[in-house]
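Written out below as structure tokens is the structure these notes cover.
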Amino acid sequence: MTMIQCISPVDGSVYAERSALSLEAAKDVVARARKAQRAWAKRPLEERVQLVLKGVARLNEMSDLVVPELAWQMGRPVKYGGEYRGFNERSNYVASIAADALAPLVVEESDTFERRIEREAHGVVFVIAPWNYPYMTAINTIAPALMAGNTVILKHASQTLLVGERLVQAFVEAGVPEDVFQNVFLDHETTSALIAAGSFNFINFTGSVEGGRSMERAAAGTFTGLGLELGGKDPGYVMEDADLDAAVDTLMDGATYNSGQCCCGIERIYVHESLYDSFVEKSVAWVSNYKLGNPLDPETSLGPMANKRFAKVVREQTSLGPMANKRFAKVVREQIADAVSKGARTLIDPKLFPQDDGGAYLAPQILGSVNVDHSMAFMREETFGPAVGIMKVKNDAEAIALMNDSQYGLTASLWTKDPERAGRLGREIETGTVFMNRADYLDPALCWTGVKETGRGGSLSIIGFHNLTRPKSYHLKKVTA
């Protein structure tokens with residue numbers, strides 16, 4: 001029997017484990033979802049919307065359980081209170097636009113013809129959610145998919161093994177039918193087999209680039225719709241007219257919050273030469289104020305990094321216990337070491353963070369001042385940790401060339417007092433979202449999307465609803481006397 005385990009970054013222990021479903025059991029879950037979908041879609045839209053909102057409200061009532069569970073599973077300090085702000089904001093916004101987003105597009109309504117385009121639910125939507133923001137990333141698809149009349153099957157990351165259970169528990173207790181929203185524990189082989197069999201009508205995956213490729217390979221020939229949000233290496237550009245203190249505060253927070261484990265976290269910063277020294281000095285002071293430690297301590301502001309991958313344990317074949325997987329922190333350390341070997345300089349004093357244990361507890365770091373460039377993996381490859389590189393630039397053209405020198409494109413953060421300039425530069429940047437004077441934020445009114453190896457498709461906004469439904473045209477010629 002395959003067991004899926006969550007290895008806690010807090011102490012390396014097995015925090016939770018669940019048995020993976022067999023292929024036959026997983027097929028039964030899909031069959032129940034498909035059978036339930038038609039009746040769910042026939043319910044009035046407003047009824048579906050309100051049931052989803054009741055599920056959201058019920059999860060809010062579970063905060064005393066959810067927040068410490070998050071700390072144990074993926075390391076976010078309890079100090080921050082979970083993900084409720086973004087979770088609620090996204091849910092409430094998609095509820096407010098559901099009627100307009102799903103309304104028919106009427107082309108003609110006359111004595112002779114009715115011509116319109118309606119939005120129809122895909123059917124069964126499969127959500128494969130990541131661990132880094134496990135509630136917010138999942139709700140991006142779950143809420144609009146259910147509101148639109150789809151049934152949803154959720155497979156959460158093993159690192160946040162309990163999140164899917166909590167979400168389904170909250171929604172079912174709020175009145176959403178059990179077969180309409182189901183949580184599953186699956187290994188990779190069963191997941192691929194279900195996808196290859198065309199079990200789902202739409203799949204939304206958030207994860208690594210290689211994970212996205214695996215999704216596409218599994219779905220090849222099935223014509224199943226895919227939404228993919230994959231890797232990122234999001235840049236910030238601080239221009240000579242920027243509000244320096246505001247730029248430091250937002251960009252350093254965007255680079256290090258959640259131990260830097262954010263899809264749209266800032267991983268590289270380009271600063272105009274006139275502000276460079278001041279920006280670096282203020283950034284070092286800002287980051288040095290973190291308190292690294294046990295995320296269950298209310299004083300901790302920076303927790304351990306997640307352990308990344310699940311452990312398979314075949315009970316009949318081995319007596320070996322689990323091992324803590326510290327892959328993410330290892331990647332960050334290796335990138336920093338490689339950059340230093342090529343001339344980069346670390347600016348954060350390690351003595352400020354004695355809790356750094358060489359494992360999941362990793363001190364934040366800034367690379368800057370001299371010899372930081374794109375010859376280093378640290379400035380090109382996804383780091384996904386509390387570390388950021390800062391480079392000096394002479395002008396907009398140099399900054400744009402460096403920002404576009406990446407295989408990823410999720411967001412870019414521009415710092416200037418000139419909106420026209422930001423708009424002009426934004427049109428030259430290969431990215432999904434352009435920010436001016438902010439960063440690391442998902443606006444539910446705008447489409448969340450990416451380019452290049454960051455993926456394809458888009459969630460939230462009206463476009464998100466359209467991606468979770470299909471157009472159906474009606475061309476009705478009336479009988480005339």
Side-chain angles (χ1 to χ4, degrees), residues 1-7 16-38 40 121-131 134 137-138 141-142 145-146 150-165 167-168 178-231 308-318 322 325 455-457 467-468 470:
M1 178 184 296
T2 300
M3 300 297 291
I4 300 177
Q5 298 180 323
C6 166
I7 309 299
E17 64 179 352
R18 297 290 186 270
S19 300
L21 292 177
S22 67
L23 180 57
E24 288 307 310
K27 287 180 178 178
D28 182 62
V29 169
V30 175
R32 295 200 310 271
R34 192 162 301 285
K35 183 178 179 180
Q37 191 269 324
R38 286 190 175 275
W40 175 249
H122 283 306
V124 180
V125 171
F126 187 34
V127 178
I128 305 176
W131 54 265
T137 53
T141 303
I142 292 168
L146 290 174
N150 299 284
T151 51
V152 173
I153 296 174
L154 171 63
K155 175 189 177 297
H156 224 297
S158 56
Q159 189 67 58
T160 42
L161 200 58
L162 303 183
V163 171
E165 285 187 343
L167 280 165
V168 168
E178 289 185 5
D179 291 343
V180 167
F181 183 24
Q182 300 179 76
N183 178 63
V184 292
F185 302 106
L186 302 175
D187 60 26
H188 295 321
E189 292 77 14
T190 302
T191 301
S192 295
L194 289 172
I195 294 171
S199 303
F200 310 105
N201 301 102
F202 187 84
I203 301 166
N204 189 86
F205 172 80
T206 304
S208 68
V209 174
E210 281 308 308
R213 291 193 176 108
S214 296
M215 294 294 111
E216 290 196 325
R217 283 194 294 268
T222 66
F223 308 112
T224 304
L226 289 175
L228 303 172
E229 185 194 326
L230 310 175
K308 173 58 177 167
R309 291 183 292 187
F310 71 82
K312 282 186 181 179
V313 181
V314 184
R315 295 297 187 187
E316 293 80 8
Q317 297 179 8
T318 181
N325 187 327
R456 60 188 173 95
N467 286 336
L468 291 165
R470 59 177 174 268

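Counting from 1, the numbers follow the sequence of the chain as shown. In this text, all values refer to a predicted model and were calculated from it rather than measured experimentally. Computed over heavy atoms, backbone and side chain alike; hydrogens, waters and symmetry mates excluded.
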- Item | Under the side-chain contact (heavy atoms from CB on, under 4.5 Å) test, residues paired with Ala121 that sit two or more places apart | Gln37, Asn150
- Verify, without hydrogens or angle tests, whether Thr222 (side chain) and Ala219 (backbone) share a donor-acceptor contact under 3.5 angstrom. yes
- Query: When you measure from the side chain of Gln159 to the backbone N and O of Cys6, does any donor-acceptor pair fall under 3.5 Å?
  - Reply: no
- Residues Ile4 and Asp187: closest non-hydrogen pair is CD1-N, 4.2 Å
- Note on the structure: Looking only at heavy atoms, the pair that brings Ala33 and Ile153 closest together is CB-CD1, 4.0 Å
- Message: Applying side-chain contact (heavy atoms from CB on, under 4.5 Å), can you list everything that pairs with Arg38, at least two apart in sequence or on another chain?
- Response: none
- Note on the structure: Shortest non-hydrogen pair, Pro130 vs Thr137, comes out as CD-OG1, 3.2 Å
- Query: Rounded to the nearest 0.5 Å, what separation is found between the NE2 atom of His188 and the OG atom of Ser158?
  - Reply: 7.5 Å
- All heavy atoms of Arg470 vs all of His122, minimum pair found to be NH1-O, 3.0 Å
- List for me each residue that meets salt bridge (charged side-chain N to carboxylate O under 4.0 Å, His left out) alongside Glu165, sequence neighbours excluded, and say none if there are none. Arg18
- Query: What pairs meet the side-chain hydrogen bond (donor to acceptor under 3.5 Å, both in side chains) rule with one or both residues in residues 191-203, with sequence neighbours excluded?
  - Reply: Arg34-Asn201
- Task: Indicate yes or no: at least one non-hydrogen side-chain atom of Leu146 is less than 4.5 angstrom from one of Val180.
- Result: yes
- Message: I need the Glu229 CD to Thr141 OG1 distance, nearest 0.5 Å.
- Response: 9.5 Å
- Message: For Lys27, give me all partners under salt bridge (charged side-chain N to carboxylate O under 4.0 Å, His left out), at least two apart in sequence or on another chain.
- Response: Glu24
- Query: Which of these passes side-chain contact (heavy atoms from CB on, under 4.5 Å) with Asn183: Val127, Val29, Leu154?
  - Reply: Leu154
- Message: What's the separation between atom CZ in Arg456 and atom CG in Leu230, rounded to the nearest 0.5 Å?
- Response: 9.5 Å
- Message: Assess whether a salt bridge exists between Glu210 and Arg213, defined as any Lys/Arg side-chain N lying under 4.0 Å from an Asp/Glu carboxylate O.
- Response: yes
- Shortest non-hydrogen separation from Ala26 to Leu194 and the atoms involved: CB-CD1, 3.7 Å
- Where Glu216 and Leu226 come nearest, the two heavy atoms and their spacing: CG-CD1, 3.8 Å
- Query: Can you tell if the side chain of Met215 reaches within under 4.5 Å of the side chain of Ile195, non-hydrogen atoms only?
  - Reply: yes
- Note on the structure: Taken in chain and number order and not counting sequence neighbours, the residues that satisfy ring pair (Phe, Tyr, Trp, His ring centres under 6.0 Å) with Phe181 are Phe171
- CG-CG distance between Leu468 and Asn204, expressed to the nearest 0.5 angstrom: 7.5 Å
